[in-house]
Amino acid sequence: MTEYDFPPTLTRIRFGRGLLDKLGEYTRPCGGTALLVCGHTSARGNGALGQALASLEAAGVRAYVIDGITPQSTAVDAAAAQARATRADVIVGIGGGSVLDAAKATAVAVAHGPSGPLVGTILTPHADCLPVVAVPTTAGSGAEVTKGAIITDTARGLKSGIRGFDVFPKIALVDPALTDTQPRGVAMTSGFDAVTHAIEALAARSSRPHTDTIARQALDLLPDALRRIAAGHCSSETRDRMAFGAVLGGILVASASTCLPHRMQQAMGTPDRPGPTHGQGLALLYPAWLESLQQAAPEAAARVADALRTDSTREAVAQLLTLTDLRRSLRSVGYGPEDIPGFVARITGNIDNDPHPDPDTTLITSIYERAL
C-alpha cells in the first residue's frame, strides 16, 4: 500500500489502498465510542462494513451502526438522537456523497439542534459538534473534504446545504479499493460530478492561481480515467487516479466553490420527486450551461478549454457524456417546461460565483429551457 499525505487542509486527508484496515487507528484519538452510518446495502454487500467494524474493534473503539441513512432531515435527526443516546464521541461515515453528507449533518445536529432548520444556513462554530471520519466508497462528490452537507428539510421540502467550518470532516480516509466494485453507472455519474468540480473551479469568479493549479491537475486525471472506466478498463491504477482526482475536486469545492449547474441541479429534487442523482442531473444541465458560458463569459470558457486541451469545452464534454451514457435531456427523464418555474423558485445558495456577468432568474430559466 502506498499512502499519500495531502498538503495541510482543515480535513486531515489520508489516501491509499488498504487504508480501511487502519480506520480504527485513525478514529481512536477522537474517542472510544463511534456511531457508524452507511447506506442501505452496498457497505454490507461489499464487505466494507465488516472490515470497518473489525478495525474499530481492534483499536478499542465501540461502534453502533445505523445502516440505511438518507440525506433527509428526519433520518439525520434520528441518527443525532442515537449519537446522544450512545454518547458517541465521533461519527464515522462510510458511503457515497449522500451518506457522507448525512454523517456530517448528524455531527452538527448533535450540537446545533434539529437539522431541518439548519438547511440553507451557514453555521456559526459550536464547540460541541462531533468530529467526523469520512470514508468515501465512490469517486466523485468530494464530500469527505468539504464544508457543506446537502440535506432535504422534509418539513419545508427544501433541498440545500448546511454549511460552515463545523461541517468539515476531521479525517478523510480515502481507500480507492472501495471503488473497485462499484457499478459502472455509479462510477460514471460520480466521476462526472468530480469533473464538474474542476471545470467550475476554473470558471468561478472565486478562482485563484492556486485553485487553478489544483483544477488543472484534476483535469489531467479525471476525464481520461473516466473514459477508461467507461470502456471497461478498470485497473487499480485507473481507479486510483479517479479517486485521487475526486479528492482534488472536493478540495476545489471547499476553496473555490461551484457555479450555477450545482445550484440548479439541487433545485430539481423534492421529497415527493427526488429526480435524477446529482451526477446525472449535472450531466443534463452541462451542455446548455457551457453553451451559455461560451457566449457570455468567453474568458472563463477559454480557461477551461485550455485545461482540457481542446478548442471547445462544450464538444469535449459532450463526447465525454456520450462515452459515459450520460448525454440526455431533461425531457428524457420526465421533465417539461411546466417544471421549470418550480426549479427556479427552489434555487438556493450563492449564484454570484458563476462567471456569467449577470446570473439571474432569466439566465437560469434559459439554461433549463436549453436543457429540455
Side-chain angles (χ1 to χ4, degrees), residues 9-12 27 29-39 63-66 68-136 141-172 250 253-255 257-258 262-263 266-267 269-271 278 346-350:
T9 62
L10 288 176
T11 299
R12 183 187 181 192
T27 303
C30 298
T33 303
L35 180 67
L36 189 155
V37 299
C38 59
Y64 296 88
V65 176
I66 294 181
I69 192 75
T70 65
Q72 306 281 331
S73 61
T74 48
V76 167
D77 291 342
Q82 185 161 347
R84 295 188 196 96
T86 58
R87 298 185 179 180
D89 303 303
V90 57
I91 306 295
V92 176
I94 301 179
S98 62
V99 169
L100 299 186
D101 279 352
K104 295 190 291 184
T106 297
V108 297
V110 168
H112 287 272
S115 61
L118 304 180
V119 173
T121 70
I122 299 176
L123 304 178
T124 55
H126 194 299
D128 293 334
C129 289
L130 295 182
V132 173
V133 178
V135 183
S141 76
E144 65 273 12
V145 294
T146 63
K147 59 180 176 181
I150 306 303
I151 299 296
T152 298
D153 175 12
T154 53
R156 290 181 289 166
L158 175 66
K159 181 181 180 181
S160 187
I162 303 173
R163 296 183 172 88
F165 289 105
D166 282 349
V167 185
F168 274 116
K170 184 176 181 64
I171 299 169
V253 172
S255 52
S257 193
T258 54
H262 276 71
R263 307 282 82 73
Q266 290 164 10
T270 66
H278 182 55
R346 290 192 294 273
I347 295 284
T348 62
N350 177 21

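For reference, positions follow the sequence shown, starting with 1.
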Would you tabulate the side-chain donor-acceptor contacts of residues 103-123 under 3.5 Å, counting partners in other chains and residues two or more places apart, or write 'none'?
{"unit_1": "Lys104", "atom_1": "NZ", "unit_2": "Ala143", "atom_2": "O", "d": "2.8"}
{"unit_1": "Lys104", "atom_1": "NZ", "unit_2": "Thr146", "atom_2": "O", "d": "3.1"}
{"unit_1": "Lys104", "atom_1": "NZ", "unit_2": "Thr146", "atom_2": "OG1", "d": "2.9"}
{"unit_1": "Lys104", "atom_1": "NZ", "unit_2": "Gly148", "atom_2": "O", "d": "2.7"}
{"unit_1": "Thr106", "atom_1": "OG1", "unit_2": "Ala102", "atom_2": "O", "d": "2.8"}
{"unit_1": "His112", "atom_1": "NE2", "unit_2": "Asp166", "atom_2": "OD2", "d": "3.0"}
{"unit_1": "Ser115", "atom_1": "OG", "unit_2": "Ser73", "atom_2": "O", "d": "3.3"}
{"unit_1": "Ser115", "atom_1": "OG", "unit_2": "Asp77", "atom_2": "OD1", "d": "2.9"}
{"unit_1": "Thr121", "atom_1": "OG1", "unit_2": "Leu118", "atom_2": "O", "d": "2.6"}

Tabulate below the donor-acceptor pairs under 3.5 Å that side-chain atoms of residues 157-164 make, not counting sequence neighbours, or state none.
{"unit_1": "Ser160", "atom_1": "OG", "unit_2": "Thr348", "atom_2": "OG1", "d": "2.8"}

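Sorted by first and then second residue, the salt bridge (Lys or Arg N to Asp or Glu O under 4.0 Å) pairs with a member in residues 122-133 form an empty list; sequence neighbours excluded. Every pair passing salt bridge (Lys or Arg N to Asp or Glu O under 4.0 Å) that includes a residue from residues 144-157 is listed here, sequence neighbours excluded: Asp153-Arg156.
Qualifying salt bridge (Lys or Arg N to Asp or Glu O under 4.0 Å) partners for Arg84, counting only residues two or more places apart in sequence or in other chains: none. Every ring pair (Phe, Tyr, Trp, His ring centres under 6.0 Å) that His262 has, sequence neighbours left out, goes to His197, His278. Take Ala254 and apply the side-chain contact (heavy atoms from CB on, under 4.5 Å) test, not counting sequence neighbours, and it matches Phe168. The side-chain contact (heavy atoms from CB on, under 4.5 Å) check on Val92 picks up Leu23, Thr27, Ala34, Leu36, Ile94, Val133, with sequence neighbours excluded. For Arg263, the side-chain hydrogen bond (donor to acceptor under 3.5 Å, both in side chains) criterion is met by Thr258, not counting sequence neighbours.
Taking CD of Gln72 as the start and OG1 of Thr152 as the end, the distance is 4.5 Å to the nearest 0.5 Å. For the atom pair CD (Gln82) and CD1 (Ile66), the distance works out to 4.0 Å, reported to the nearest 0.5 Å. With values rounded to the nearest 0.5 angstrom, Leu100 atom CG is found 11.0 Å from Cys38 atom SG.
The heavy-atom pair separating Val145 from Gly250 by the smallest distance is CG2-C, 3.4 Å. Pairing each heavy atom of Thr154 with each of Thr74, the nearest pair is OG1-CG2, 3.4 Å. Here the closest heavy-atom approach between residue Ile150 and residue Pro71 is recorded as O-CB, 3.7 Å.
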